[in-house]
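Along the sequence shown, residues are numbered consecutively beginning with 1. These values consider heavy atoms only, across backbone and side chains, with no hydrogens, waters or symmetry-generated copies.
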Amino acid sequence: MMDEKERASKLERLAPKPTAQEMEAVNGLFRHFLFKRCGKGEIWTTCCRRHTFVKPDTDNADELRALHAPHTPEPRNGWDHSPTVKRRCRCPYCGAEVTVKELRYSGGRANLWSFRRAVILRQWRGALWATAWDCEKNYSRVGMNGEPVLTELPEMKLLGVYRFAPGVAEQATRPWWCSGGTPMSYHRQITPGKSNGRKGGLWKVHSPYTYCAELGSSYDVIGLLEADKGFMRWCGLRKIHLPSDDFIELLTACCFYPRQIEMLVKLGLEDAVKDLVGRGVRNADIIKWDADKPRNFMKCTPKEAMAACSVGEPMRVLRLYIRHRDTPLKMTIETAAWLAEATIGRGEENYAVRLLKRLDITAEKLTAYLEKNRVALQEGGRPGSSTRRGVLELYKDYLDAAEHCGMDMENPLILMPRDLVEKHDRVTAAWSAIQRQYRKAEDTAAQKAAAEAYRKRLRALSEKYLFWTDDFLIRAPVNADEIVDEGKALKHCVGGYAARHMTGATTILFLRRRDRPHTPLATIEMNGNTVVQVHGYRNELEGCADNPDRESARKLYAGVLDPWLKWLKAGSKRDEDGRPKLPKKRARRNAA
């Protein structure tokens, strides 16, 4: 039996060496330059790696255009965000887009050093092999005669060798700081690990670490078509778009679950594969990964899975359907899709299920009732509540207000009124009036303590949510009366939310214009960093001076709401003066 060091050495020795075509593919990953000496008529190209002298009497217009193209300067450093000169040029030989550099203006060219990571796939010796490389190009080197070396292929250092076969995945890797002669460490996986909510729990074979990983530099995959020549040919790897740092884990998963992954991709459930590979989540309530026969892979039929994929968030739809299809709720794919679109997160899903059990009706009956009212709201020109989520929230508000008002909740006409909109407005208005009476009658020590507690909470709310631009302001209410006045001014039901806001059960915010800070414009309900609902005057049922076309408030004020939500999700950061610091955008490269 060979020890791990010998196995790693053997794996490295048997791994396929990059072919000339693969080396050129790696070279194509880098930024292309056209270096020139205009006075001598000398041109170097890094894309097709040519070094030529342009003849004085040449009639090649492309060569002359490239030779006399202006030099493109580089930023002074990584923090130099001054506007750069955008000069585009094409290689006169291969047509690739290049950056023109005049040698006499380029100095030592050390600032042009660049780095990429690459994984090269090859069907080799009866298995799929993958080699992971650190690749770099350095244009500051010179030859023996003192001339610059500009057209060579990238320098490549082998970091990892992988061999994938049915039921087994092997890897031999070394850290990035070690030289090429350093022995590799070996690992072999013949079964998936235990799922613990992390991909490292399932997959011991993983991508090697490199010194630019913390900068977000992902692996570029070369030879993806090679996977179609072996046992993974039916897995549909090109349809699974996931971060390339998870690509090795995807190949490892294909060694153990090739038929399951094939079936999921064909059904359109690539999200289940991404969860398995990237997060170590099996979704065991939907998929039986260890089943022996394809017909037993899922806890539903292929037809049902395809129906779920025809709507958004198919995994949520299937999970809701499978959990409640055999209960008295009689959930179907159609009703599960309706409820999944109307809810956000597990908490709202559970509320919808509790609502069905409370009403003692089937999911089909509730969704049919809500869909009928949604269509009526849409025809009545109430865009804020004409979505599935909006009509469910409207119904939820109605039931809460009716119960607090002491109405007979056993009466079917009370539980499911014919005109939901009219009944909602009347009942929530009555509940708001009752709340106002309670607040006027209760001037006790408990109320003072609650007010003091809210003052402390108000500081936390302001620190998290307070946001302003040149034109708009978003802030929290200072007391419950201000919420009631907001509802009276805008003629909607936010007054009924005052008690829940004061106790922290929900969060109410005001959107105002900075030049009219005391005039209500729109009201926002939040759940953490998620917008629950946004409404203006009469819930957009009627036009007003700020919204004559009765447009949805979420769309009408998107110019301030979208930056505010991004700022919230980034951590509500502020500068030294307390002004909001908007987050910067970052890009991420995908493998497939």
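Around atom CZ of Arg426, no more than 12 heavy atoms belonging to other residues, nucleotides or ligands sit under 6.0 Å away. The environment of Met315 atom CE is dense: over 12 non-hydrogen atoms of other residues, nucleotides or ligands sit within 6.0 angstrom. Other residues, nucleotides and ligands place more than 12 heavy atoms under 6.0 Å from the CD atom of Glu371. Environment of NZ in Lys491: sparse, with no more than 12 heavy atoms of neighbouring residues, nucleotides or ligands closer than 6.0 Å. Counting non-hydrogen atoms of other residues, nucleotides and ligands closer than 6.0 Å to NZ of Lys365 gives a total of 12 or fewer.
Remark: the backbone N or O of His241 is paired with a side-chain donor or acceptor of Lys274 at under 3.5 angstrom. Using modelled atom types, no side-chain atom of Arg512 and backbone atom of Leu473 make a donor-acceptor pair closer than 3.5 Å. Judged by distance alone, with hydrogens and angles left aside, the side-chain atoms of His324 form no donor-acceptor pair with the main-chain N or O of Leu320 at under 3.5 Å. Not one N or O on the side chain of Glu551 forms a donor-acceptor pair closer than 3.5 Å with the backbone of Asn547.
Between Glu74 and Arg31, at least one side-chain nitrogen of the basic residue sits less than 4.0 Å from a carboxylate oxygen of the acidic one, meeting the salt-bridge criterion. In this structure, Arg514 does not pair ionically with Asp471, as no charged nitrogen and carboxylate oxygen lie closer than 4.0 Å. Look at Asp562 and Arg554 and you find a salt bridge, because one of the NZ, NE, NH1 or NH2 atoms lies within 4.0 Å of a carboxylate O, short of that distance. A salt bridge between Arg516 and Asp546 is present, with a side-chain N of the basic residue lying under 4.0 Å from a carboxylate O of the acidic one. A salt bridge links Arg475 with Glu482: at least one charged nitrogen is closer than 4.0 Å to a carboxylate oxygen. The pair Glu304-Lys299 does not meet the salt-bridge criterion, since no charged nitrogen lies less than 4.0 angstrom from a carboxylate oxygen. Using a cutoff of 4.0 Å between basic side-chain nitrogens and carboxylate oxygens, Arg388 and Glu341 are scored as salt-bridged. Contact check on Asp575 versus Arg579 returns no salt bridge, with no Lys/Arg side-chain nitrogen under 4.0 Å from an Asp/Glu carboxylate oxygen.
With sequence neighbours left out, the salt bridge (charged side-chain N to carboxylate O under 4.0 Å, His left out) criterion links Glu348 to Arg389. The ring-ring contact (aromatic ring centres under 6.0 Å, His included) check on Phe30 picks up nothing, with sequence neighbours excluded. For Tyr454, the ring-ring contact (aromatic ring centres under 6.0 Å, His included) partners are His501, not counting sequence neighbours. Applying the salt bridge (charged side-chain N to carboxylate O under 4.0 Å, His left out) criterion to Asp485, with sequence neighbours excluded, gives no partner residue. Under the rule for a side-chain hydrogen bond (donor to acceptor under 3.5 Å, both in side chains), the partners of Arg358 that lie at least two apart in sequence or sit in another chain are Glu403. Every residue meeting the side chain to side chain contact (heavy atoms under 4.5 Å, CB included) condition with Ala337, not counting sequence neighbours, appears here in chain and number order: Val311, Val317. Among residues two or more places apart in sequence or in another chain, the side-chain hydrogen bond (donor to acceptor under 3.5 Å, both in side chains) test is passed with Glu313 by Arg316. Applying the salt bridge (charged side-chain N to carboxylate O under 4.0 Å, His left out) test to Arg319 and every residue at least two apart in sequence or in another chain returns Asp285. Arg282 is linked by a salt bridge (charged side-chain N to carboxylate O under 4.0 Å, His left out) to nothing, counting only residues two or more places apart in sequence or in another chain. Every ring-ring contact (aromatic ring centres under 6.0 Å, His included) that Tyr369 has, sequence neighbours left out, goes to Tyr395. Residues passing the side-chain hydrogen bond (donor to acceptor under 3.5 Å, both in side chains) test with Asn479, sequence neighbours excluded: none. Under the side-chain hydrogen bond (donor to acceptor under 3.5 Å, both in side chains) criterion, Asn350 pairs with no residue at all, not counting sequence neighbours.
Inter-residue side-chain proximity for Phe247 and Leu224 is flagged as met; some heavy-atom pair is nearer than 4.5 Å. With contacts defined as side-chain heavy-atom distances shorter than 4.5 Å, the pair Val353/Leu329 qualifies. Under the 4.5 Å side-chain criterion, counting only non-hydrogen atoms from C-beta, Leu511 is in contact with Val560. For the pair Asp397 and Gln533, the minimum side-chain heavy-atom distance is below 4.5 Å. A heavy-atom distance below 4.5 Å is not found between the side chains of Val532 and Met526. Annotation: side chain of Ile333 is in contact with side chain of Leu318 (closest heavy-atom distance under 4.5 Å). Contact check for Tyr537 versus Asn539: no side-chain heavy atoms found under the 4.5 Å cut-off. Met409 is listed as a side-chain neighbour of Ile414, based on a closest heavy-atom distance under 4.5 Å.
The shortest non-hydrogen separation linking Pro314 to Ala308 is CB-O, 3.5 Å. The shortest non-hydrogen separation linking Trp338 to Leu370 is CH2-CB, 3.5 Å. The nearest pair of heavy atoms linking Trp567 to Lys573 is NE1-O, 2.7 Å. When every heavy atom of Gly236 is checked against every heavy atom of Val265, the shortest pair comes out as O-CG1, 4.1 Å. Closest heavy-atom contact between Pro328 and Thr362: O-CG2, 3.9 Å. The two residues Ser552 and Glu540 make their nearest non-hydrogen contact at CA-CG, 4.3 Å.
When only modelled atom types and interatomic distance are considered, Glu349 and Thr343 share no side-chain donor-acceptor pair under 3.5 Å. Between Thr335 and Glu364, the side chains place no donor N or O within less than 3.5 Å of an acceptor N or O (distance only, hydrogens not considered).
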Worked verdict on Thr99 versus His32 for side-chain hydrogen bond (donor to acceptor under 3.5 Å, both in side chains): CA-CA 6 Å; Thr99 301; His32 299 312; over 6 Å; no

Residue pair Asp400, Trp431: steps toward the side-chain contact (heavy atoms from CB on, under 4.5 Å) verdict: CA-CA 9 Å; Asp400 291 342; Trp431 173 230; over 6 Å; no

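Using cut-offs of 30° and 60° for the angle between ring planes, the Trp564 and Tyr465 rings count as tilted.
Of the inter-residue distances, the one linking Cys544 atom SG with Leu521 atom CG reads 8.0 Å to the nearest 0.5 angstrom.
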